[in-house]
**Q** 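I have a structure here, written as structure tokens, and I will follow up with some questions on it.
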Amino acid sequence: MTETSDTRTAAGAAQEAPWSRLQRLMRYIPLIAPVLLWAVPCWVLLHTGQRWPLPVTLIGTALSVLGLAGMPLAMVRGHGRRQQDRAAIVGDTLLGCVWVLFTWSVLLGVLLRLALTVGGVGDGQDRARIVTWAVLGVAAVLLAGGYSEARRVPRVRRLDVELPRLGAGLDGTRVVLITDTHYGPLDRARWSARVCETVNTLEADLVCHTGDIADGTAERRRAQAVPLGTVQATRARVYVTGNHEYYSEAQGWVDLMGELGWEPLRNRHLLLERGGDTLVVAGVDDVTAESSGLAGHRAHLAGALRGADPDHPVLLLAHQPKFIDRAAAHGIDLQLSGHTHGGQIWPFHYLVRLDQPAVAGLSSHGARTLLYTSRGTGFWGPPFRVFAPSEITLLVLRSPRRSG
């Protein structure tokens, strides 16, 4: 008995050791990442054989050092307790710029240099300078296009979704999804109003907001959120919390959305009925709600479905796609989520996939559960979207029993 226990303890310790080392390493990532983000472009663009005039090298290196020191400071002042909007704008913009520079310094610094070498183009200095100008040119184009993409009113993405259990009376139900509006340091009140105007052209039966309304409290971002009160739907406007609400007094956002005429689905549901058929529209708090310490806030799917007829199809709002495991276990028909932003700035979506089962679009899970993950309506932090366009989504629900 004692030997078995000791053996298990030793085996457990052996399994925990690598995990503990990984956890310790993860703690240093916030310190290591900024250094890599700034050091790699500096090295590739200035110090790999370009032989720039000394003033150019010194100025470029000094700018990299200033960015390395200034970006984290601005991020802390902007997103920490002080929440200084100007500092947040500076820090977020620097983060987006250096991410793009880092990405293309790595890609072009390896691939383009290799291609030039194989092709026998120029000498070492010529190839190094070509890489530098190529990285700067690509980064400038992507950042300019990414800024325009982030600030424009999203295009409408329309998708027909067939739900096997949907009754014929509900065929053609129009569901509009907006999410991750992230009202924040950059005042986007006018953008918010234009988004709502676009939603109102879609003649929705149901309009859903799946969280991350803003970065900041409801009181602070109220002016940007108020246009949501103009959104029109023939049946209902429903909302669930995202993780960013829990950084900024979530109950204040729940109260404001209720004041604006939206129905906060906090672990509860409502019924959408038409033509003698019924659709259960349920919502849960974000999965981070319970750790926020706010009384009564948690993701509770059983509570959201309590009292619903199990024979009726269910449309579930859950901010994060990774809630899909619980949804599939309960036989949910369709889950609507956001959170991922489609990665927002390529190739960040590869990192998102480490945490979420889907980054964007429609996917199937379990026996009958579908998940639609929106790329988001707004943007978080860096005011750029690179190869991850924003969207307003129109989902037309289809019944297999529809006539014609």
**Q** Do Asp92 and His79 get their side chains close enough for a donor-acceptor pair, meaning under 3.5 Å?
**A** yes

**Q** Do Gln344 and Arg375 have a side chain donor and acceptor closer than 3.5 Å?
**A** no

**Q** Heavy-atom distance under 4.5 Å between the side chains of Val240 and Arg266, does that happen here?
**A** no

**Q** If every non-hydrogen atom of Val176 is compared with every non-hydrogen atom of Ala204, which pair is closest and at what distance?
**A** CG2-CB, 3.5 Å

**Q** Can you sort out the partners of Arg155 under salt bridge (charged side-chain N to carboxylate O under 4.0 Å, His left out), two or more places apart, ordered by chain and number?
**A** Glu149

**Q** Applying salt bridge (charged side-chain N to carboxylate O under 4.0 Å, His left out), name anything that partners Glu290, two or more places apart in sequence or on another chain.
**A** none

**Q** How far apart are the closest heavy atoms of Gly343 and Val352, and which atoms are they?
**A** CA-CG2, 4.3 Å

**Q** Is the shortest distance from a Lys or Arg side-chain nitrogen in Glu263 or Arg268 to a carboxylate oxygen in the other one below 4.0 Å?
**A** yes

**Q** Hey, could you give me the CZ/CG distance between Phe102 and Leu107, rounded to the nearest 0.5 Å?
**A** 9.5 Å

**Q** For the CG atom of Leu256 and the CD atom of Glu249, what is their distance to the nearest 0.5 Å?
**A** 12.5 Å

**Q** Taking atom types as modelled, is there a side-chain donor on Gln320 or Gln356 under 3.5 Å from an acceptor on the other?
**A** yes

**Q** Using the benzene-type ring in the case of Trp, are the ring centres of His341 and His182 under 6.0 Å apart?
**A** yes

**Q** Any ion pair linking Asp171 and Arg398 (charged N to carboxylate O, less than 4.0 Å)?
**A** yes

**Q** Below 30° counts as parallel, above 60° as perpendicular, anything between as tilted: where do the rings of Trp43 and His47 land?
**A** parallel

**Q** Output all residues satisfying ring-ring contact (aromatic ring centres under 6.0 Å, His included) with His297, sequence neighbours left out; order by chain, then residue number.
**A** Tyr246

**Q** Restricting to non-hydrogen atoms, name the atom on Pro382 and the atom on Ile345 that form the minimum distance, rounded to 0.1 Å.
**A** CB-CD1, 4.0 Å

**Q** State the CD-NE2 distance between Gln335 and His330, to the nearest 0.5 angstrom.
**A** 12.5 Å

**Q** Apply ring-ring contact (aromatic ring centres under 6.0 Å, His included) to His339 and list each qualifying residue two or more places apart in sequence or on a separate chain.
**A** His319

**Q** What residues, two or more places apart in sequence or in another chain, satisfy salt bridge (charged side-chain N to carboxylate O under 4.0 Å, His left out) together with Arg274?
**A** Asp205

**Q** Between Arg222 and Tyr183, is NZ or CZ placed under 6.0 angstrom from the six-membered ring centre and within 45° of the ring axis?
**A** no

**Q** Measure the spacing between OG1 of Thr377 and CG of Leu177 and express it to the nearest 0.5 Å.
**A** 6.5 Å

**Q** Thr93 and Phe384: which non-hydrogen atoms are nearest, and at how many Å?
**A** O-CE1, 3.8 Å

**Q** Are Asp85 and Arg221 within salt-bridge range, i.e. N to O under 4.0 Å?
**A** yes

**Q** Would you name the heavy atoms of Val131 and Gly109 that are closest together and state the gap between them?
**A** CG1-CA, 3.9 Å

**Q** Distance from Arg385 atom CZ to Ser148 atom OG, nearest 0.5 Å?
**A** 13.0 Å

**Q** Centroid-to-centroid, Trp346 to Trp104, below 6.0 Å?
**A** yes

**Q** With sequence neighbours left out, write down each residue that passes salt bridge (charged side-chain N to carboxylate O under 4.0 Å, His left out) with Asp355, or none if nothing qualifies.
**A** Lys322

**Q** Which value, rounded to the nearest 0.5 Å, describes the distance between Leu370 atom CG and Glu162 atom CD?
**A** 9.5 Å

**Q** Give me the atom names and distance for the closest heavy-atom approach of Ser105 to Val40.
**A** CB-CG1, 4.5 Å

